[in-house]
**Student:** 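To start, I am sharing the structure in question, which I have written as structure tokens.
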Amino acid sequence: MSTSLKFVHSINVPASQVYRAFTNSTAFREWLCDTASIDPKPGGRFYVAWNSGYYAGGEYVKLQQDKEVVFIWAGRDDPEPTRVTVTITALDNGATTLSLEQVGLDNSPTWSKAKDEISRGWNEGLANLISVLENGPDLRIVNRPMMGVMFTDFNKKRAEELGIPVSEGLRLESTVEGLGAHQAGLQKNDVIVSMDGKPATDFNTLVHLLQGYKAGDTVELGIYRGAEKKRIPMPLSSRPLPQIPKTAAEFGDMLQKLYAETDKELSDALRDASDEEAGHKPGPEDWSAKETLAHLLHGERDNHAWLNDMVFSQERVSDGFGDNLPARITATVEVYRTKDAILEELFRNEQETVHTVANLSANFVANKASFWRVAFILLQAPIHIREHIEQIKQAIASARK
């Protein structure tokens with residue numbers, strides 16, 4: 001016998017924002033899934049996916065601006081496709097009533113597990129939708145504990161160099177003092193391959209696994225340190241959250257202050273180094289100080305492109321988080337030549353980032369989900385810079401031995 005799942009919520013935002021949440025790829029990623037690719041028109045594609053490996057595809061059946069969205073849902077391992085109807089009702093007080101009904105399920109044993117998972121998914125997702133639309137915070141990020149690690153590239157060639165018998169995993173570049181990974185004694189070039197016995201061979205699977213834990217929990221990591229496989233207990237830490245600004249101008253001021261602090265540290269680390277020392281590579285696969293600066297410069301340039309995507313709700317979906325292209329690093333060092341020239345260009349690009357966020361439109365700031373996400377990510381950018389400052393110091397020190 002066919003049955004359905006139905007969820008009704010009141011959300012204190014205009015109906016247009018709720019409609020966007022079901023008709024825009026970036027918006028879907030902000031509250032429901034990890035990947036989304038959609039074409040919101042009758043007959044247009046509908047595809048959402050999670051780092052857990054679950055996905056659902058289908059097509060849009062009906063759309064009525066700010067009032068109704070209907071799409072087919074064919075989830076991985078679901079016995080058969082179902083139909084989702086989202087009804088959006090604007091209220092006189094400016095709030096919106098959202099009704100989501102999924103029909104085509106039944107009470108047979110073949111549907112039992114899928115039905116429970118779908119119900120849990122909508123309950124968690126819709127709670128997050130209310131959070132991101134009304135206030136901004138993505139509960140998946142806010143509630144996820146952290147390890148306190150910085151990862152770097154890992155592949156078959158790197159595995160052979162380090163004597164590690166696997167070519168899939170997460171290689172540590174460094175740990176954050178005081179957080180779980182540092183407390184557990186993890187070291188540079190350790191390669192994480194599992195968490196509590198479950199494979200964790202790339203960043204996405206690791207993030208998915210972490211969502212099942214809370215700060216204060218202890219997990220057992222499976223790692224390779226060279227050819228030796230170890231099991232190391234590691235406590236999980238709470239996630240420090242930056243203060244999210246209320247206006248674009250405040251955002252710019254906050255980011256300016258953070259950059260000023262890290263820029264001074266960068267300048268101090270490089271002040272007494274010659275260009276020859278700044279170009280020294282500690283090892284064949286290690287970055288020189290100049291190459292590390294080039295990497296930071298590329299990060300700022302990439303921030304500009306991503307900001308543009310976010311403002312126009314046209315965020316590009318990538319396969320993973322991208323790698324550091326050696327040819328790009330080399331090109332920047334060859335073109336700018338001196339450490340001072342690369343540093344100056346980095347500072348200019350940081351200022352472009354500052355002025356971009358300070359001039360964000362009121363409409364974008366009012367989109368609390370996207371504004372919160374942009375602020376959360378960019379206000380942590382100086383942390384990334386600070387992590388590389390130690391790397392720069394070590395590279396310069398190695399040139400002086």
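Predicted model only: the values in this text are computed from it and were never measured.
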**Student:** Is D138 paired with R140 through a side-chain N to carboxylate O contact shorter than 4.0 Å?
**Tutor:** yes
**Student:** Taking C-beta and beyond as the side chain, do V193 and V191 meet within less than 4.5 Å on heavy atoms?
**Tutor:** yes
**Student:** First locate atom CZ of F371, then atom CG of L360, and finally report the distance between them rounded to the nearest 0.5 Å.
**Tutor:** 6.5 Å
**Student:** Between N128 and L139, which heavy-atom pair has the shortest distance, and what is it?
**Tutor:** OD1-N, 2.7 Å
**Student:** Taking all atoms of both residues into account, what is the closest heavy-atom pair of A49 and C33, and its distance?
**Tutor:** O-CB, 3.3 Å
**Student:** Would you give the length of the straight line joining atom OG of S131 to atom CH2 of W31, rounded to the nearest 0.5 angstrom?
**Tutor:** 12.5 Å
**Student:** So that I can tick it off, tell me whether K257 and D253 are bridged by a salt bridge, with the cut-off set at under 4.0 angstrom between side-chain N and carboxylate O.
**Tutor:** no
**Student:** When you check the gap from the basic side-chain N to the acidic O, do E134 and K368 get nearer than 4.0 Å?
**Tutor:** no
**Student:** Would you say that more than 12 heavy atoms from the other residues, nucleotides or ligands in this model lie under 6.0 Å from the CZ of R337, or not?
**Tutor:** no
**Student:** Between V84 and E101, is there a side-chain heavy-atom distance shorter than 4.5 Å?
**Tutor:** no
**Student:** Is E168 atom CD crowded by more than 12 heavy atoms from other residues, nucleotides or ligands, each under 6.0 Å away?
**Tutor:** no
**Student:** Between L236, V219, D217, which is the residue that forms a side chain to side chain contact (heavy atoms under 4.5 Å, CB included) with P145?
**Tutor:** L236
**Student:** N363 vs S361, test: side-chain hydrogen bond (donor to acceptor under 3.5 Å, both in side chains). Steps then yes/no.
**Tutor:** CA-CA 5 Å; N363 285 339; S361 71; 5.2 Å; no
**Student:** State whether D275 and K339 are salt-bridged, where the test is any N-O pair (Lys NZ or Arg NE/NH1/NH2 against Asp/Glu carboxylate O) under 4.0 Å.
**Tutor:** no
**Student:** What closest approach, in Å, do V149 and A181 show between heavy atoms, and which atom pair accounts for it?
**Tutor:** CG1-CB, 3.2 Å
**Student:** Would H9 and T97 count as having a side-chain donor-acceptor pair, cut-off 3.5 Å?
**Tutor:** no
**Student:** State whether R29 and E315 are salt-bridged, where the test is any N-O pair (Lys NZ or Arg NE/NH1/NH2 against Asp/Glu carboxylate O) under 4.0 Å.
**Tutor:** yes
**Student:** Heavy-atom distance under 4.5 Å between the side chains of P233 and E220, does that happen here?
**Tutor:** no
**Student:** For the CE atom of M234 and the OG1 atom of T218, what is their distance to the nearest 0.5 Å?
**Tutor:** 8.5 Å
**Student:** Cut-off 3.5 Å, side chains only: do R158 and T152 have a donor facing an acceptor?
**Tutor:** no
**Student:** Using the ring of each side chain (for Trp, its six-membered ring), is H384 parallel, tilted or perpendicular to H295, with breaks at 30° and 60°?
**Tutor:** perpendicular
**Student:** Mind checking whether F376 and W372 have parallel, tilted or perpendicular rings, split at 30° and 60°?
**Tutor:** parallel
**Student:** So, T82 side chain and G104 main chain: donor-acceptor pair closer than 3.5 Å or not?
**Tutor:** no
**Student:** Please check if any side-chain donor atom of H304 sits under 3.5 Å from a side-chain acceptor atom of T356, or the reverse.
**Tutor:** no
**Student:** Indicate the atoms forming the closest heavy-atom contact of M195 with Y213, along with that distance.
**Tutor:** SD-CE1, 3.8 Å
**Student:** Taking 4.0 angstrom as the limit, do R171 and D190 come out as a salt bridge?
**Tutor:** no
**Student:** Ignoring hydrogens and geometry, is there a side-chain-to-backbone donor-acceptor pair from D78 to G75 under 3.5 Å?
**Tutor:** yes
**Student:** Using every non-hydrogen atom in the two residues, find where L32 and G125 come nearest and quote the distance to one decimal.
**Tutor:** CD1-CA, 4.3 Å
**Student:** Measure the shortest side-chain to side-chain distance between D153 and N324 over non-hydrogen atoms and say whether it is less than 4.5 angstrom.
**Tutor:** no
**Student:** Could you tell me whether the side chain of L133 reaches within less than 4.5 Å of the side chain of V18, counting heavy atoms only?
**Tutor:** yes
**Student:** Side-chain contact test, heavy atoms from C-beta onward, threshold under 4.5 Å: evaluate it for L170 versus D202 and give yes or no.
**Tutor:** no
**Student:** Do the side chain of T96 and the main chain of A15 share a donor and acceptor less than 3.5 angstrom apart?
**Tutor:** yes
**Student:** Are L210 and M147 close enough that some pair of their side-chain heavy atoms sits under 4.5 Å apart?
**Tutor:** yes
**Student:** Mind running ring pair (Phe, Tyr, Trp, His ring centres under 6.0 Å) on F28 and F46 for me, showing each step along the way?
**Tutor:** CA-CA 11 Å; F28 262 121; F46 174 87; 5.7 Å; yes
**Student:** Using the side chain to side chain contact (heavy atoms under 4.5 Å, CB included) rule, pick out the option among T23, V70, V69 that qualifies with V86.
**Tutor:** V69
**Student:** Do L221 and R231 touch side chain to side chain, with heavy atoms closer than 4.5 Å?
**Tutor:** no
**Student:** Could you go through K157 and E285, starting from their C-alpha distance and side-chain angles, then the distance that decides it, and tell me whether this counts as salt bridge (charged side-chain N to carboxylate O under 4.0 Å, His left out)?
**Tutor:** CA-CA 10 Å; K157 179 182 177 183; E285 300 298 327; 3.6 Å; yes
**Student:** Of the non-hydrogen atoms in A395 and A289, which two are nearest, and what is the gap between them?
**Tutor:** CB-N, 4.0 Å
**Student:** Does K113 come within less than 4.0 Å of E117, counting only side-chain N to carboxylate O?
**Tutor:** no
**Student:** Taking atom types as modelled, is there a side-chain donor on Q391 or W287 under 3.5 Å from an acceptor on the other?
**Tutor:** no
**Student:** Please tell me whether T338 and D340 have a donor and an acceptor in their side chains that are separated by less than 3.5 angstrom.
**Tutor:** no
**Student:** Does the side chain of E59 come under 3.5 Å of the side chain of Y47 through a donor N or O and an acceptor N or O?
**Tutor:** no
**Student:** Output the distance between atom CG (L5) and atom CG (L100), rounded to the nearest 0.5 Å.
**Tutor:** 9.0 Å
